Amino acid sequence: MTIRFGVIGAGRIGKVHAKTIAHNPKATLAYIADALPKAAQDLADRHGAKVASVDEIMKATDVDAVLIGSPTGFHAEQIQAASNAGKAIMCEKPVSLSVESIHETLKVVAANKSILMIGFNRRFDPNFAEVERRVRRGDIGAVEIVTIVSRDPGPPPAEYLKGSGGLFRDMMIHDVDLARFMMGEEFVVVHALGSALVDAAIGKAGDVDTAAVQMQTASGRIAVITNSRRATYGYDQRVEVHGSKGMVHAKNVHNTTVELLSQAGYQADPIQNFFLERYEAAYANELNTFIDAVEAGNRDPRPNGFDGLQAQKLADAATESWKTGKPVKV
Ligand SMILES: NC(=O)c1ccc[n+]([C@@H]2O[C@H](COP(=O)([O-])OP(=O)(O)OC[C@H]3O[C@@H](n4cnc5c(N)ncnc54)[C@H](O)[C@@H]3O)[C@@H](O)[C@H]2O)c1
């Protein structure tokens with residue numbers, strides 16, 4: 001028996017998940033829904049799936065799990081609908097743009113005893129997962145500072161940014177979740193800086209494209225995250241955890257391991273371009289974790305709704321701190 005999926009959203013991330021599901025022997029890609037019929041049809045045709053409306057997916061008796069990859073503003077209502085329809089749910093980050101609506105959504109999920117996993121895919125990246133495993137094993141002693149560098153190769157389309165909730169809720173939320181994952185202790189204070197240095201239009205729209213955040217736990221441990229919507233050299237994704245006995249870090253992944261050494265210096269291939277390439281393995285591992293949970297009836301695969309809620313609170317605090325110029329307690 002495979003887990004039969006309905007995928008909602010056939011955009012950038014919907015395409016990734018549809019492909020990952022189609023290639024997973026424990027999964028069947030049954031239906032695709034999208035507000036744009038052509039987008040749904042093209043993706044369905046590519047993988048031999050059927051097109052359906054969101055409502056039809058919720059009602060379909062041959063759908064076990066719903067994967068939500070629609071724009072962020074629709075996540076909460078679609079999680080609730082899928083939960084009320086008795087489906088297992090994997091939803092892209094962020095859960096919603098407001099903490100209140102996450103609370104409401106999690107109440108519905110809890111009442112229905114639904115399986116809900118949130119798409120913080122970086123936890124499943126083999127390199128970052130190994131960093132976390134070594135941190136938990138005690139290789140670096142007590143964690144003192146988590147440092148995360150995360151830069152996109154370029155900004156997403158203006159239309160996407162409009163509904164995204166801003167850099168802290170849309171982009172940095174991944175790093176905030178990763179910082180929680182690495183730290184193993186909740187953050188209680190957030191201090192953010194932000195600017196529009198890449199595209200003035202992003203600033204005019206009330207958002208930032210360049211940001212730095214410092215967060216601290218109750219015991220004094222610190223995380224530092226820097227983000228940019230531009231990196232001329234590819235998708236810059238680095239993590240470092242410093243502790244009382246040492247440091248563990250994961251570097252960028254290059255297109256090949258080939259290096260050229262000459263009088264001109266030392267030349268490596270470019271780093272992988274964006275999330276499609278860099279996190280291909282992470283998306284596959286993430287899906288396997290979700291499928292294992294559905295098969296086992298495990299109602300609480302991580303990252304769960306609580307992780308989504310905590311990340312949202314920190315992203316909201318970062319947004320407020322950037323706007324007010326003051327540290328914000330969480
Ligand atoms: N985890 C990751 O690596 C990752 C990467 C990119 C995006 N995301 C998240 O995924 C979500 C989608 O982002 P994207 O980049 O794929 O956006 P996108 O704009 O490329 O795609 C969204 C798709 O949803 C469709 N759509 C719009 N309203 C809909 C509705 N009510 N029901 C169903 N479909 C609808 C659109 O027509 C579009 O095809 C966002 O929440 C984003 O934060 C996560």
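Just so it is clear, the structure is predicted and the values come from calculations on it, not from any experiment. Counting starts at 1 for both ligands and their atoms, in listed order.
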Do Leu309 and Val99 come within less than 4.5 Å of each other through their side chains, counting heavy atoms only?
-> yes
Option set Gly163, Ser96, Ala39, Gly69, criterion heavy-atom distance to atom 12 (C) of ligand 1, minimum | Gly69
With a 4.0 Å cut-off on heavy atoms, is His75 touching ligand 1?
-> yes
Beyond-backbone contact of Ile225 with Ser150, side-chain heavy atoms, under 4.5 angstrom | no
Could you tell me whether the side chain of Glu104 reaches within less than 4.5 Å of the side chain of Gln80, counting heavy atoms only?
-> yes
Hey, do the aromatic rings of Tyr279 and Tyr235 have their centres closer than 6.0 Å?
-> yes
Atom indices of ligand 1, in the order listed, that fall short of 4.0 Å to a heavy atom of Thr72 = 40 (C), 41 (O), 43 (O)
Nearest protein heavy atom with distance in Å, relative to atom 23 (C) of ligand 1 = Asp34 OD2, 3.5 Å
State if Tyr279 counts as touching ligand 1 under the rule of any non-hydrogen atom under 4.0 Å.
-> no
What part of Arg12, side chain from CB on, backbone N/CA/C/O, both or neither, has a heavy atom under 4.0 Å from ligand 1?
-> both
Are the side chains of Asp316 and Arg169 in touch, meaning some heavy atoms are under 4.5 Å apart?
-> yes
Nearest protein heavy atom to atom 42 (C) of ligand 1, by residue and atom, and its distance?
-> Tyr160 OH, 3.2 Å
Among protein heavy atoms, which lies nearest atom 9 (C) of ligand 1, and at what distance?
-> Lys93 O, 3.6 Å
Any side-chain heavy atom of Ser219 within less than 4.5 Å of one from Glu185?
-> yes
Give the contacting part of Ile8 toward ligand 1: side chain, backbone, both or neither, where contact means a heavy-atom distance below 4.0 Å.
-> side chain
Numbering the atoms of ligand 1 from 1, which are under 4.0 Å from a heavy atom of His174?
-> 1 (N), 2 (C), 3 (O)
Determine, considering heavy atoms only, which of Ser70, Pro37, Gly9 sits nearest to atom 11 (C) of ligand 1.
-> Ser70
Atom 21 (O) of ligand 1 has as its nearest protein heavy atom Gly11 CA, 3.2 Å
Heavy atom of the protein closest to atom 28 (N) of ligand 1 (residue, atom name, distance) | Phe74 CE1, 3.4 Å
Heavy-atom contacts under 4.0 Å between Val16 and ligand 1: side chain, backbone, both, or neither?
-> neither
Is Ile8 reachable from Leu43 through a run of hydrophobic residues whose side-chain heavy atoms are each under 4.5 Å from the next?
-> no
Within 45° cone and under 6.0 Å: Arg12 NZ/CZ vs Tyr160 ring | yes
Among side-chain atoms of Asp45 and Gln41, is any donor-acceptor pair under 3.5 angstrom?
-> yes
One finds that the ligand 1 atoms under 4.0 Å from a non-hydrogen atom of Tyr283 are 2 (C), 3 (O)
Report, in ascending order of atom number, the atoms of ligand 1 lying under 4.0 Å from any heavy atom of Gly119.
-> 1 (N)
Contact check, side chains of His75 and Ser70, non-hydrogen atoms, under 4.5 Å | yes
Taking only heavy atoms of Asp170 into account, list the atoms of ligand 1 that are under 4.0 Å away from them.
-> 43 (O)
Under 3.5 Å donor-acceptor, Lys93 side chain and Asp170 backbone = yes
Name the closest protein heavy atom to atom 44 (C) of ligand 1, giving the residue it belongs to and the distance to 0.1 Å.
-> Glu92 OE1, 3.1 Å
Counting each atom of ligand 1 from 1 as listed, which ones have a heavy atom of Leu36 under 4.0 Å away?
-> 37 (O)
So do the side chains of Phe5 and Met90 get within less than 4.5 Å of each other, counting heavy atoms only?
-> no
Does at least one non-hydrogen atom of Gln78 fall below 4.0 angstrom from an atom of ligand 1?
-> yes
Trace of the salt bridge (Lys or Arg N to Asp or Glu O under 4.0 Å) decision for Lys162 with Glu159 = CA-CA 5 Å; Lys162 259 193 235 163; Glu159 196 51 40; 3.1 Å; yes
Do any N/O atoms on Pro94 end up under 3.5 angstrom from N/O atoms on ligand 1?
-> no
Please report which non-hydrogen protein atom sits nearest to atom 7 (C) of ligand 1, along with the residue it belongs to and the distance in Å to one decimal place.
-> Ile13 CB, 3.9 Å
Should Pro156 and Arg229 count as side-chain neighbours, where that means a heavy-atom distance under 4.5 Å?
-> yes
Residue part near ligand 1, for Phe274, under 4.0 Å between non-hydrogen atoms | neither
Starting from atom 27 (C) of ligand 1, find the nearest protein heavy-atom neighbour and note its residue, name and distance.
-> Pro71 CD, 3.4 Å
Evaluate side-chain contact (heavy atoms from CB on, under 4.5 Å) for Ile271 paired with His254, printing each intermediate quantity in order.
-> CA-CA 4 Å; Ile271 57 175; His254 293 252; 3.6 Å; yes
Per-atom filter on ligand 1: closer than 4.0 angstrom to a heavy atom of Phe275 are 5 (C), 6 (C)
